Amino acid sequence: MTQADDKPARTATPQVTLREVVEARERIASVARRTPVIHSSALSDRAGTAVYLKLENLQETGSFKVRGAANRMWQLTAGEKKRGVITVSTGNHGRAVAWVAGRLGIPAVVCMSERVPTSKQQAIRATGAEVVVHGQSYDEAERHSFRLARERGLVRIEGFDDPLVIAGQGTIGLELLEDLPGVDTAIVPLSGGGLIAGIALALRSAGRPVRVIGVSQDRAPVMVESLHAGRPIELPEEETLADALAGGIGLENRHTFRLVRELVDETILVAEQEIAAGIVFAFEEHRLVVEGGGAVGIAALLHGRVSGLGREVAVVISGGNIASPLLDALVGRASSG
Ligand SMILES: *Cc1c(COP(=O)(O)O)cnc(C)c1O
């Protein structure tokens, strides 16, 4: 590897602004799908205003996370692209990293503990990524990933706290403004905050205020509790139907905590049975397969949790990766009584 090889394609961006989101748009175009926006008559009737759904459950790999992963990986140096990337996520982020790496011809390592089910290991292997199984817990797998990254010169791809990842997710906001020029409210699932921060930045280009509302599960909503505390905090993880929203924001959070505090107008928490109702509603009314984390916006609207709704409401459906037996059980339970 020569030195020129390793020179960054562009100077690193310490802060993320609308400009980075606009730049991300073209970069990810060959990898990420431009997802449809549909009008939901059923939800509009329930909410008493026009409600639209942005369908990131139809995104490649079944969640929006390919956008951020693609924008981050485009900007690896030639040397970094050759050596490869690493992640510890076996969820939507890990899937997205493995898939984008495959598309861009970048070697990817997904590190996971022995407790991750073999079916999940297989699914990630099938994308062409190298699966490294190590240790008995997420933390052990993560420590091993740091070691591997050092030894092999691999770049860690963060799930949310990275300006390029945030900018990639923000491209959803640009698409929303094109498809719904009159949008005045955006309801967005919230966990680490990369998704909502990027979208809120993009919506600033509307040139008028658009209200941005974050929705989290009420079981260990780390970002929401951190906002209340005024600093990033940790909470013990809890089981939730919205598994894509579980997990922390990092005590050393560098970007998303500040951005969410600045750009998000309010946050709402939804309960497990409300999330279940959101999943079932998406299936029954639209024949859409939506996972728990993707259904929290529908859940909030269905249960009248958002007050003073605007005239054109966009709900981001962030993902569709729900196990078929779980979907089956929820829909079956709802229809039997
Ligand atoms: C990752 C994820 C989220 C949350 O995104 P953050 O950037 O962490 O806030 C929401 N929904 C789904 C389906 C996800 O995979």
Side-chain angles (χ1 to χ4, degrees), residues 16 21 32 35 53-69 71-72 87-100 157-173 186-202 212-217 220-227 232 237 240-250 253-261 263-264 267-270 275 278-279 282 288-300 315-323 326:
V16 51
V21 181
T35 55
L53 308 177
K54 172 69 170 165
L55 300 181
E56 285 295 301
N57 56 319
L58 303 182
Q59 185 53 268
E60 299 283 4
T61 77
S63 89
F64 69 88
K65 288 209 169 65
V66 289
R67 296 175 185 261
N71 194 43
R72 176 69 188 85
T87 175
V88 196
S89 165
T90 58
N92 287 341
H93 176 60
R95 259 168 122 134
V97 168
W99 190 83
V100 173
I157 306 296
E158 302 292 336
F160 53 88
D161 201 24
D162 175 311
L164 295 169
V165 172
I166 297 166
Q169 323 302 31
T171 57
I172 293 170
I187 301 180
V188 185
L190 168 62
S191 175
L195 175 63
I196 201 169
I199 289 176
L201 278 168
V212 179
I213 301 169
V215 188
S216 298
Q217 77 291 358
V222 179
M223 180 61 90
V224 173
E225 293 296 331
S226 297
L227 292 170
E237 202 166 310
T240 169
L241 275 174
D243 55 331
L245 304 186
I249 66 167
N253 187 289
R254 296 190 329 132
H255 305 282
T256 57
F257 174 71
R258 181 184 59 78
L259 286 167
V260 170
R261 192 161 57 172
L263 301 171
V264 173
T267 57
I268 289 171
L269 299 181
V270 287
I275 299 170
I279 295 170
L288 287 174
V289 174
V290 178
E291 62 181 282
V296 293
I298 296 178
V315 181
V316 176
I317 308 300
S318 51
N321 292 319
I322 185 170
L326 174 57

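Just follow the structure's listing: the first ligand is 1, and inside any ligand the first atom is 1. On a predicted model such as this, the values are computed, not experimentally measured, just so you know. Values below: all heavy atoms of this structure, side chains included; hydrogens, waters and symmetry mates excluded.
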Close side-chain approach of S216 and T267, heavy atoms under 4.5 Å: no

Polar side chain donor-acceptor pair, R67 to T171, under 3.5 angstrom: yes

Side-chain heavy atoms of L190 within contact of V296, under 4.5 Å: no

Name each N or O atom in ligand 1 that is under 3.5 Å from a protein N or O, and give the partner atom and the distance.
{"unit_1": "ligand 1", "atom_1": "7 (O)", "unit_2": "G194", "atom_2": "N", "d": "2.9"}
{"unit_1": "ligand 1", "atom_1": "7 (O)", "unit_2": "L195", "atom_2": "N", "d": "2.9"}
{"unit_1": "ligand 1", "atom_1": "8 (O)", "unit_2": "G192", "atom_2": "N", "d": "2.8"}
{"unit_1": "ligand 1", "atom_1": "9 (O)", "unit_2": "S191", "atom_2": "N", "d": "2.9"}
{"unit_1": "ligand 1", "atom_1": "9 (O)", "unit_2": "G192", "atom_2": "N", "d": "3.2"}
{"unit_1": "ligand 1", "atom_1": "9 (O)", "unit_2": "G193", "atom_2": "N", "d": "2.7"}
{"unit_1": "ligand 1", "atom_1": "11 (N)", "unit_2": "S318", "atom_2": "OG", "d": "2.6"}
{"unit_1": "ligand 1", "atom_1": "15 (O)", "unit_2": "K65", "atom_2": "NZ", "d": "2.6"}
{"unit_1": "ligand 1", "atom_1": "15 (O)", "unit_2": "N92", "atom_2": "ND2", "d": "2.8"}

Spacing of W99 atom CH2 and Q59 atom CD [to the nearest 0.5 Å]: 7.5 Å

Pairwise side-chain contact, V290 with I279, heavy-atom cut-off 4.5 Å (strictly under): no

For E60, salt bridge (charged side-chain N to carboxylate O under 4.0 Å, His left out) partners two or more places apart: R33

